[in-house]
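A quick write-up on the structure given underneath.
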Amino acid sequence: MRIGVDLGGTKIEALALDERGQHLTRRRIPTPAGDYQATLLAVAGLIKRIEQETGRRGTVGVGSPGSLSPASGLIRNANSTCLNSNPLQQDLERLLERPVRLANDADCFALSESIDGAGQGYASVFGVIIGTGVGGGIVINGSLIPGANRIAGEWGHNPLPWPGAAELPGAACYCGKRGCIETFLSGAGLAADYHRETGVSISGAALSERLAQQEQAAQRVMARYEDRLARSLAAVINLLDPEAIILGGGLSNVARLYQQVPRIWTDYIFSDVVRTRLLPPQHGDASGVRGAAWLWAVDEQG
Ligand SMILES: [Zn+2]
């Protein structure tokens with residue numbers, strides 16, 4: 001049995017899969033926000049209840065915000081800041097008395113979609129999160145590529161490729177640079193562009209509504225968004241050349257992206273033909289917890 005845990009800012013969710021990837025059980029509790037020790041105990045309690053319920057012991061994978069520093073073994077860059085500078089993996093291993101694997105949410109998304117989601121059957125998959133932040137994960141032949149610094153796929157903090165004059169120098173990013181892809185392609189980046197166009201501040205949901213009503217300003221803003229997403233993904237394709245790119249996060253719900261972006265990216269990709277598929281996710285919000293479970297591969301199952 002594989003247990004996956006999705007450690008979110010507001011909820012902790014756990015899922016148990018059997019050997020064939022079928023759901024055994026799923027539980028969800030609120031996150032003890034801001035309290036690291038209570039968070040550890042909450043995760044351990046969830047796993048204990050799942051193992052009591054199923055009568056089996058499982059491997060444990062955890063999807064967490066931020067990432068483990070390969071230098072210190074401590075969590076860094078997590079937006080749930082109580083996790084930062086804590087040895088989350090080590091503490092969970094001690095509490096649960098077994099090895100625990102940890103990956104960030106974008107990596108879990110990429111793994112879940114690659115193994116039995118939209119990316120099934122493709123040898124190389126780039127899983128993309130476009131939502132509150134912009135992240136990504138790379139899966140080759142069913143295995144997640146962590147990278148030497150555990151940042152593989154972090155395309156959101158590269159600069160926007162082929163920028164026009166109006167796109168320079170770009171907005172300040174929390175990472176300390178200006179004009180990062182994330183400042184253009186996150187939900188906040190899209191809302192900021194709509195504000196520049198109209199002087200009106202609206203939510204992502206309101207923008208979707210205005211798009212559906214064919215509002216001119218919303219259409220212009222979305223066309224710019226598609227062009228920027230196409231350029232940013234073209235740079236990824238030139239480097240990694242994945243067979244499939246799967247979108248996740250809140251903005252993956254915008255249906256027109258899947259037609260428009262591949263139409264535009266051919267202008268930027270260094271190839272006469274482009275066979276890369278741009279696909280919507282199959283598991284949606286469940287990808288985080290599913291991918292965490294899949295951190296233990298098929299051949300490692302006891
Ligand atoms: Zn940045």
Side-chain angles (χ1 to χ4, degrees), residues 7-9 63-72 74-85 102-110 126-138 144-197 201 203-204 207 221-222 224-240 242 245-252 254 257 261 264-265 268 288:
L7 188 47
S64 153
S67 64
L68 278 184
S69 162
S72 64
L74 307 179
I75 294 279
R76 61 186 171 174
N77 302 340
N79 50 8
S80 304
T81 51
C82 81
L83 300 177
N84 284 328
S85 303
L102 211 78
N104 79 22
D105 39 7
D107 284 345
C108 289
F109 168 75
F126 185 56
V128 166
I129 299 286
I130 38 174
T132 311
V134 172
I138 301 166
L144 194 59
I145 306 298
N149 308 294
R150 296 194 181 222
I151 57 162
E154 291 288 3
W155 67 311
H157 297 279
N158 282 348
L160 183 73
W162 299 282
E167 293 170 329
L168 292 170
C173 183
Y174 73 88
C175 75
K177 304 284 194 294
R178 296 192 78 93
C180 290
I181 286 172
E182 179 164 306
T183 66
F184 291 98
L185 297 185
S186 65
L190 178 62
D193 201 30
Y194 187 83
H195 184 263
R196 269 190 297 275
E197 176 84 21
S201 297
S203 67
L207 183 56
V221 168
M222 190 46 72
R224 274 202 296 274
Y225 185 89
E226 286 156 358
D227 192 71
R228 289 166 179 161
L229 179 57
R231 278 182 270 155
S232 301
L233 289 176
V236 170
I237 293 168
N238 283 346
L239 184 69
L240 189 66
I245 297 177
I246 301 161
L247 300 183
L251 283 154
S252 68
V254 180
L257 294 180
V261 170
I264 303 165
W265 74 19
Y268 296 95

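This is a predicted model, so every value here is computed, not measured. All ligand and atom numbering here is 1-based and tracks the order in the structure.
For a distance threshold of 2.8 Å, the protein N, O or S atoms nearer than that to the Zn ion (ligand 1), listed by chain and number, are His157 ND1, Cys173 SG, Cys175 SG, Cys180 SG.
The OG atom of Ser69 sits 9.5 Å away from atom CG of Asn77, with the distance rounded to the nearest 0.5 Å. Taking CD1 from Ile130 and CG from Leu190, the interatomic distance works out to 9.5 Å, rounded to the nearest 0.5 Å. In this structure, the separation between CZ on Phe126 and CG on Leu239 is 9.5 Å, given to the nearest 0.5 Å.
Identified under the salt bridge (Lys or Arg N to Asp or Glu O under 4.0 Å) test for residues 228-238, with sequence neighbours left out: Glu167-Arg228, Glu167-Arg231, Asp193-Arg228, Asp227-Arg231.
Under the 3.5 Å distance criterion, the side-chain polar atoms of Asp105 are left unmatched by any main-chain donor or acceptor of Gly288. Judged by distance alone, with hydrogens and angles left aside, the side-chain atoms of Glu182 form no donor-acceptor pair with the main-chain N or O of Gly133 at under 3.5 Å.
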